[in-house]
Amino acid sequence: MKAIAVTPGKPNSVHLTDISTPKLEDIPNGRGVLVKVLKVGVDATDREINDALYGNAPIGDDYLVLGHEVFGRVEAIGEQVTHVSPGDYVTCTVRRPGASIYDSIGRSDITSEETYYERGINLLHGYLTEYFVDDAEFIVRIPVGLRHLHVLAEPMSCSAKAIHQAYEAQKRLQVWEPRTAFVMGAGQIGLLATLILRLRGLQVYTFARGVAPNLKAEIVEGMEATYVSTRERSIAEVVEESGKPDIIFDATGNSSISFGAMEHLNLNGVLIWTSITGGKDLHETPADKLNLEWVLGNKMLIGSVNANFRHFEMGIADLALGEMTYPGVIEKILTHPVEGLDNYAEMMRLLVEDPDALKVFVNVADDIE
Ligand code: BGC
Ligand code: ZN
């Protein structure tokens with residue numbers, strides 16, 4: 001079957017390849033789920049892997065099949081599988097157990113060692129192919145009423161995990177009633193975080209560079225949040241209007257913004273970092289001032305990556321509530337379809353070059369009604 005792969009370590013090596021079709025029996029103990037891939041989303045991680053900044057092939061292979069945001073349909077299940085049936089829409093989690101102490105409790109999303117395994121990213125093949133098989137433990141059902149949001153389940157799980165972690169950690173305060181959140185960045189993770197925070201009842205300001213009207217502003221406003229172009233208003237100016245935010249969610253991929261956000265957080269607040277910067281940039285930071293304010297203000301910083309089965313479920317529940325609350329808004333994120341695995345070059349071109357491509361995804365196969 002066809003697959004889109006890279007040669008890790010070699011820049012711009014994205015290519016089409018042929019791999020063997022997986023079988024249900026590849027997964028032991030009757031726990032296999034064989035899935036036909038319908039759509040796969042791609043993001044900056046895939047771009048960085050193709051730039052050879054990131055990613056490793058499975059041991060023994062010299063290629064890595066890309067793709068970690070999958071939407072598919074169950075073809076067949078092993079005899080021990082009960083939570084999905086043939087015909088169901090599903091997605092699949094990304095990170096897999098290595099040798100971490102967290103693995104035995106189903107927390108392979110939690111990092112406790114340097115080597116980690118992520119499908120389509122590190123040491124495991126991804127989903128940009130025609131079929132895949134995996135253990136039922138990692139297969140998450142997507143309700144039929146959300147099939148139009150397909151590949152958003154995985155990015156949503158990352159936003160859901162990060163916010164859930166922040167709320168869990170804030171139990172340290174015993175009483176915490178967050179009112180205002182700033183979301184830095186209006187890519188898919190920032191927009192989905194905007195949704196989750198709005199559904200929690202917060203007043204949300206979402207910051208991006210572009211000047212409204214534009215699609216990002218339309219989506220943010222569709223979720224009854226406030227869009228701020230940083231070309232028009234500084235963070236400090238917004239703080240004058242809104243007060244200091246209790247939550248700042250950073251999804252910019254810009255470390256000067258990640259650190260700069262520290263100056264604006266409210267007392268007892270939480271700053272969540274979800275994006276990464278692979279470079280070597282240095283920035284000046286008012287270190288003494290921040291040290292003083294953060295200690296005296298009981299402030300907290302959380303880094304959050306990946307997501308497990310439960311976070312996928314949380315994210316999917318919020319996609320459903322979001323769809324009921326703001327009908328038709330979430331799907332506007334899904335901007336750029338690419339037809340078929342053969343069009344891998346177009347997929348990468350959109351990811352690299354098109355500033356309007358909020359979300360690129362590949363239509364791998366047609367859905368059968
Ligand atoms: C993926 C996560 C993954 C992270 C780091 C992101 O693009 O969505 O699942 O853990 O990259 O590899
Ligand atoms: Zn991703």
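Order of appearance sets the numbers: ligands from 1, and atoms from 1 within every ligand.
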For the Zn ion (ligand 2), count the protein N, O or S atoms found under 2.8 Å away.
->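 Of the protein's nitrogen, oxygen and sulfur atoms, 2 lie under 2.8 Å from the Zn ion (ligand 2).
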
Could you tell me the residue and atom name of the protein heavy atom closest to atom 1 (C) of ligand 1, and the distance to it rounded to 0.1 Å?
->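 Answer for atom 1 (C) of ligand 1: H68 NE2, 3.4 Å.
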
Closest protein heavy atom to atom 5 (C) of ligand 1, given as residue, atom name and distance to 0.1 Å =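 Nearest protein contact, heavy atoms only, for atom 5 (C) of ligand 1 is Y54 OH, 3.3 Å.
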
Would you give the length of the straight line joining atom CG of D246 to atom CG of N268, rounded to the nearest 0.5 angstrom?
->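 Nearest 0.5 Å value for the CG-CG distance: 8.5 Å.
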
CG/D103 to OG/S112 distance, rounded to the nearest 0.5 angstrom?
->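 Interatomic distance, D103 CG to S112 OG, rounded to 0.5 Å: 7.0 Å.
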
The option among V94, T45, I189 carrying the non-hydrogen atom nearest to atom 6 (C) of ligand 1 is T45

Which residue from E118, R47, E154, E48 reaches closest to atom 8 (O) of ligand 1 through any of its heavy atoms?
->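 Going through E118, R47, E154, E48 one by one, E154 has the nearest heavy atom to atom 8 (O) of ligand 1.
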
Is a side-chain donor or acceptor of [X] paired with a backbone partner of [Y] at a separation under 3.5 angstrom?
X	Y	answer
H15	A5	yes
D135	E137	yes
E118	V94	no

Applying a 4.0 Å heavy-atom criterion (strictly less than), which segment of D43 is in contact with ligand 1: side chain, backbone, both, or neither?
->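 The answer is the side chain of D43.
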
Looking only at heavy atoms, is any part of C158 under 4.0 Å from ligand 1, and if so is it the side chain, the backbone, or both, or is it neither?
->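 Side chain only.
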
Given K359, K39, H150, the one that forms side chain to side chain donor-acceptor pair (under 3.5 Å) with E69 |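 Looking at K359, K39, H150, the match for E69 under the side chain to side chain donor-acceptor pair (under 3.5 Å) is K359.
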
With sequence neighbours left out, what residues match [X] under salt bridge (Lys or Arg N to Asp or Glu O under 4.0 Å)?
X	answer
R233	E241
E353	R349
D318	R200

Are any of the N or O atoms of N306 closer than 3.5 Å to those of ligand 1?
->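 Min N/O separation from ligand 1 is below 3.5 Å for N306.
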
